[in-house]
Structure formats: structure tokens, C-alpha cells
Amino acid sequence: MLNILRRIQADKKPRTRVAGSGCGPGERDKLTGAVTKRAFQKKVESVLADSQGNGCLLLVDVDCMRRINESFGRETGDRVLQAVFDVLRENFRAGDVIGRLTEDSFGIWIVGLSADQVSGIRRRIAIVNDRLLHNGRGLPQVTLSAGAALGESGGSYRELYEQARKVLYHVKEGGRCGCEVYVDRRSD
């Protein structure tokens, strides 16, 4: 009887959250498992095309990735990118979509996030940065810089991307390891 229970428990695998569930073959980055850039953009555009679609585009850049690759080697750099994706996946909801947009950057589409909820993004990125700095995996310490922009039904992915990119670069110029949210100054 005891052996049967052990086998049943061993067969039960913990359910893991998968960013961008419902993605088909070829829509995942081979290294990290994140959604590809193309699939990510399509998913965001699909939400924005919906009459009830809204959310937040968060662009996340791994700080000093070139230095990590040069100092520790590409294999270690790849493990760092995998760890970054794992920490992002653990700290965002299962319904949010995480895509790998470039060599060292990710996009996160936070489903249904509105302007009155956006303050939590800075806090979440601070938690992610803390976990990456204290990773316990024997990897080099790394931090993220992030820029966010709110999107609503009928909005443009390209415009949203440019808004998030603009504040991301502001964070990078200001010393990295942080997050800013785009605010449309014209509406003030």
C-alpha cells in the first residue's frame, strides 16, 4: 500500500504557470520558453482590437547583460536569461503574457490592468529585482530596468511600445534597476 501511495504522489506533477498559454508550435523562444516576439505582438494586438480590451505593456531589459556574457561566458548568460524568465513567470499572473523581444529584453502584457492599478507594477519589479539579486542559483547578480504603458481598446501596439520604450530608457539613463510608467503629459 505504501509503495502505491508513493507512486501516485510521484506521478502528480505540480502545475506550473505557463506564460502565453495557448501558443502553438514555433511560438515559443527555445532558450527561455517565453512567447516569441511575433506571437507576443499578435496577442497584444488581438487584445487591443477587442472592444473591451485593455492592459499594460511592460518592457523589461536585463541590465548589463553584455558584461555578464563577456565576464562569465555565453552559457552563463543563457542561464541568467532563463532565471529571469522564471522569476518573471513566478511574479506575474498566469493569464499575463511574457514574450522575449530581443536578446536581453522581455515584454509582459498585463491583462486588464487599469490606470488606478498601475502603481503595483513598480512594487512588483522591485520584488523581481530583489529575487534576482538574491537568486541562490550561483548565477551572477542581475537587475532589470522596466518601462510601462497602458493600452486600451482601439490602441496601437507600436504606439504603446514606443511609450513604454521611452520610459524604459529614462530608467536606464537614471541608473537602471527600476521601473517607470508612461504618463501622457498632453492630458494634464
Any chance you could measure [X], atom [atom1], to [Y], atom [atom2], to the nearest 0.5 Å?
{"X": "Cys56", "Y": "Tyr182", "atom1": "SG", "atom2": "OH", "result": "13.5 Å"}
{"X": "Leu132", "Y": "Ile125", "atom1": "CG", "atom2": "CD1", "result": "9.5 Å"}
{"X": "Ser145", "Y": "Glu180", "atom1": "OG", "atom2": "CD", "result": "10.0 Å"}
{"X": "Ile98", "Y": "Arg93", "atom1": "CD1", "atom2": "CZ", "result": "11.0 Å"}
{"X": "Leu58", "Y": "Cys179", "atom1": "CG", "atom2": "SG", "result": "5.5 Å"}
{"X": "Ser119", "Y": "Arg124", "atom1": "OG", "atom2": "CZ", "result": "11.0 Å"}

Please check if atom NZ in Lys37 has more than 12 non-hydrogen atoms from other residues, nucleotides or ligands closer than 6.0 Å.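 No.
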Has Gln117 got more than 12 heavy atoms of other residues, nucleotides or ligands less than 6.0 Å from its CD?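 Yes - once you tally the heavy atoms of other residues, nucleotides and ligands closer than 6.0 Å, there are more than 12.
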So [Y] and [X], do their side chains get closer than 4.5 Å, heavy atoms only?
{"X": "Ile121", "Y": "Ile110", "result": "yes"}
{"X": "Val181", "Y": "Val167", "result": "no"}
{"X": "Val80", "Y": "Met65", "result": "yes"}
{"X": "Leu150", "Y": "Leu57", "result": "no"}
{"X": "Phe85", "Y": "Asp29", "result": "no"}
{"X": "Arg28", "Y": "Val35", "result": "yes"}
{"X": "Phe106", "Y": "Thr32", "result": "yes"}

Tell me whether [X] shares a hydrophobic cluster with [Y], the cluster being built from Ile, Leu, Val, Met, Phe, Trp, Tyr side chains joined at under 4.5 Å.
{"X": "Leu133", "Y": "Val142", "answer": "no"}
{"X": "Val118", "Y": "Val128", "answer": "yes"}
{"X": "Leu59", "Y": "Val47", "answer": "yes"}
{"X": "Val183", "Y": "Val171", "answer": "no"}

Would you confirm whether [X], through its side chain, and [Y], through its main-chain N or O, come within 3.5 Å as a donor-acceptor pair?
{"X": "Glu152", "Y": "Asn54", "answer": "no"}
{"X": "Asp63", "Y": "Cys177", "answer": "yes"}
{"X": "Ser71", "Y": "Arg67", "answer": "yes"}
{"X": "Asp130", "Y": "Ala126", "answer": "no"}
{"X": "Ser153", "Y": "Asp50", "answer": "yes"}
{"X": "Asn91", "Y": "Leu88", "answer": "no"}
{"X": "Gln82", "Y": "Leu31", "answer": "yes"}
{"X": "Glu162", "Y": "Glu159", "answer": "no"}

Val84, Asp61, Leu168, Val87 screened by side-chain contact (heavy atoms from CB on, under 4.5 Å) with Leu144, the one that passes: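 So the option named by the test is Val84.
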Worked check of side chain to side chain contact (heavy atoms under 4.5 Å, CB included) between Leu48 and Leu160: CA-CA 10 Å; Leu48 293 174; Leu160 202 55; 4.3 Å; yes
Quick one: does NZ or CZ of Arg100 land under 6.0 Å from the six-membered ring centre of Phe40, within 45 degrees of the ring axis?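 Arg100 over Phe40 ring: no.
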Does this structure show an ion pair linking Glu103 with Arg74, if we count only N-O contacts that are shorter than 4.0 Å?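 Yes, charged N to carboxylate O under 4.0 Å.
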If every non-hydrogen atom of Pro140 is compared with every non-hydrogen atom of Asn135, which pair is closest and at what distance?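 Reported closest heavy-atom pair: O-ND2, 3.7 Å.
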Can Arg79 and Asp86 be said to form a salt bridge (charged side-chain N to carboxylate O under 4.0 Å, His left out), step by step? CA-CA 10 Å; Arg79 289 182 33 232; Asp86 289 345; over 6 Å; no
Please say which of Gln41, Lys43, Lys42 ends up in a side-chain hydrogen bond (donor to acceptor under 3.5 Å, both in side chains) with Glu45.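 One option only clears the test, and that one is Gln41.
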Mind running side chain to side chain donor-acceptor pair (under 3.5 Å) on Thr143 and Asn129 for me, showing each step along the way? CA-CA 5 Å; Thr143 58; Asn129 275 327; 4.8 Å; no
